[in-house]
2 protein chains.
Amino acid sequence: MRRIAPERADLLSIIGEVFREHGYEGASLALIGAATGLGKGSLYHFFPGGKEEMARAVIAHIDGWFEDNVFAPLRDNADPRAGIEHMFEATDSYFRSGRRVCLIGAFALDDSRDLFSGQIRDYFGRWITSLAEALTRSGYRPGEASELAEEAVAVIQGALTLARAASDLDIFSRALRRVRMRLEPPAKI
Amino acid sequence: MRRIAPERADLLSIIGEVFREHGYEGASLALIGAATGLGKGSLYHFFPGGKEEMARAVIAHIDGWFEDNVFAPLRDNADPRAGIEHMFEATDSYFRSGRRVCLIGAFALDDSRDLFSGQIRDYFGRWITSLAEALTRSGYRPGEASELAEEAVAVIQGALTLARAASDLDIFSRALRRVRMRLEPPAKI
DNA sequence: ACGTCATTGTACCGGTCGGTACAATCTCTC
DNA sequence: GAGAGATTGTACCGACCGGTACAATGACGT
């Protein structure tokens with residue numbers, strides 16, 4: 001349960017889509033204003049720190065969604081396989097089967113990476129470690145689990161890039177299906 | 001053998017690094033001028049089309065390097081396994097083991113994607129199809145080869161993102177090693 | 001030495017950027 | 001309905017953006 005006023009959550013979603021679509025530098029205050037229907041007065045009222053604070057809040061908002069819908073289930077579900085399954089469903093749903101791109105991944109490549117490096121590192125780090133933990137519980141050796149988790153997150157990120165590059169959403173679905181299959185069998189040693 | 005004057009190739013490399021480091025929008029003419037030591041007069045003399053032509057030329061330059069050092073070997077090497085091995089070595093070398101990011105991948109996520117969508121689609125498309133062709137020749141069924149190729153390129157792209165996000169170059173090396181191992185065995189049907 | 005053409009530095013353009021200032025308005029409490 | 005605080009529109013700022021114009025300089029064949 002997050003104590004964010006619903007209006008603010010909606011606002012962050014809208015601003016997030018602008019950042020997602022145009023990148024940090026490309027998301028001008030004019031675009032953000034047009035998308036939200038708010039003028040600069042309002043935007044700077046809600047985000048006194050300006051564009052940088054907006055981006056930070058948007059990243060935190062996305063991070064919170066993944067924490068609630070992906071990372072926590074991976075860590076907390078008594079059945080690690082169910083947690084992993086949940087991750088794939090949430091991931092496919094979040095990225096709209098490849099229609100959406102990963103804003104945090106885009107920021108990691110962007111010029112903006114230095115501004116948000118802590119948040120970015122944290123997001124991917126927690127994704128990988130929580131997935132690795134679930135894989136370990138499901139029977140993989142810790143080292144193997146860690147590498148598999150890294151690879152799975154990399155495939156997801158890369159597939160989003162390729163799907164966007166090729167304008168072919170199926171690339172993402174195929175990649176998700178393949179990596180899901182690979183993670184399914186418990187360690188066969 | 002490409003008939004580009006060496007100075008122009010060097011120029012494209014330098015400009016490419018600016019785009020790679022700052023993205024399309026972030027790479028201002030001031031930055032490009034500082035990196036190359038050329039003023040606007042010279043830049044617009046060599047690239048009358050301005051920044052967009054520079055980016056197009058840079059993408060074509062990178063695409064040419066991959067064509068010569070990755071795609072062609074994949075297609076032409078009589079031993080497909082050797083071609084694939086060559087791809088991994090060239091890829092690790094090009095991306096400096098994760099120190100460098102994929103400019104074309106970054107452009108695919110960027111706001112600039114619409115400007116260069118044809119070139120971007122072509123680059124990734126040829127990478128995937130030439131790798132799939134080599135995998136087919138090495139014994140995989142065409143469908144499986146195609147999916148494997150897609151996945152391999154996705155892992156490479158995603159690992160570059162993660163390596164940058166985590167400031168941990170080893171992520172890229174590990175990913176490359178894993179996917180190399182996966183592609184090695186011929187189809188075991 | 002000349003003419004030619006490639007190359008360059010510099011000044012300038014209109015437009016947009018992120019950000020600030022501030023007065024007007026809205027909303028809610030007492 | 002008075003007052004207070006939250007919210008908003010608008011005008012404005014200096015800086016920088018990509019791009020253009022053009023005169024000065026350079027290199028070079030003749």
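The sequence lines fix the lettering, A, B, ..., with proteins before strands; numbering per chain opens at 1. Only a predicted model underlies this, so the values are computations on that prediction, with no experimental measurement involved.
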To the nearest angstrom, the CD-C1' distance between B:Glu25 and D:dG18 comes to 12 Å
Charged N-O contact under 4.0 Å between A:Glu151 and A:Arg182: yes
Between CG of B:Asp111 and P of C:dT16 the distance, given in whole Å, is 15 Å
Walking DNA chain C from its 5' end, the first of B:Ser42 and A:Gly49 to be reached, judged by nearest nucleotide, is B:Ser42
note: B:Tyr44, atom OH; D:dA21, atom P; distance rounded to Å ~ 12 Å
note: A:Arg8, atom CZ; D:dA6, atom P; distance rounded to Å ~ 15 Å
A:Lys51 NZ to C:dG19 C1', in whole Å, measures 12 Å
The residue among B:Arg100, B:Arg96, B:Arg99 that forms salt bridge (charged side-chain N to carboxylate O under 4.0 Å, His left out) with B:Glu17 is B:Arg100
So does A:Arg113 pair up with B:Glu21, basic N to acidic O under 4.0 Å? yes
Taken to the nearest whole Å, CG/B:Leu38 to P/D:dT25 is 19 Å
Atom CG of B:Leu43 and atom C1' of C:dT7 are separated, to the nearest Å, by 12 Å
Out of C:dG9, C:dC17, D:dC17, minimum distance to the side chain of B:Ser28 belongs to D:dC17
Looking only at D:dT20, C:dG18, D:dT8, the nucleotide nearest the A:Leu29 side chain is C:dG18
Whole-Å distance, A:Ile32 CD1 to C:dC17 P, equals 10 Å
Can you say whether the rings of B:Trp127 and B:Tyr123 are parallel (under 30°), tilted (30 to 60°) or perpendicular (over 60°)?
perpendicular
The residue, A:Lys40 or A:His45, whose nearest nucleotide of DNA chain D is more 5′ is A:His45
The nucleotide from C:dG19, C:dT8, D:dT8 with an atom nearest the side chain of A:Phe46 is D:dT8
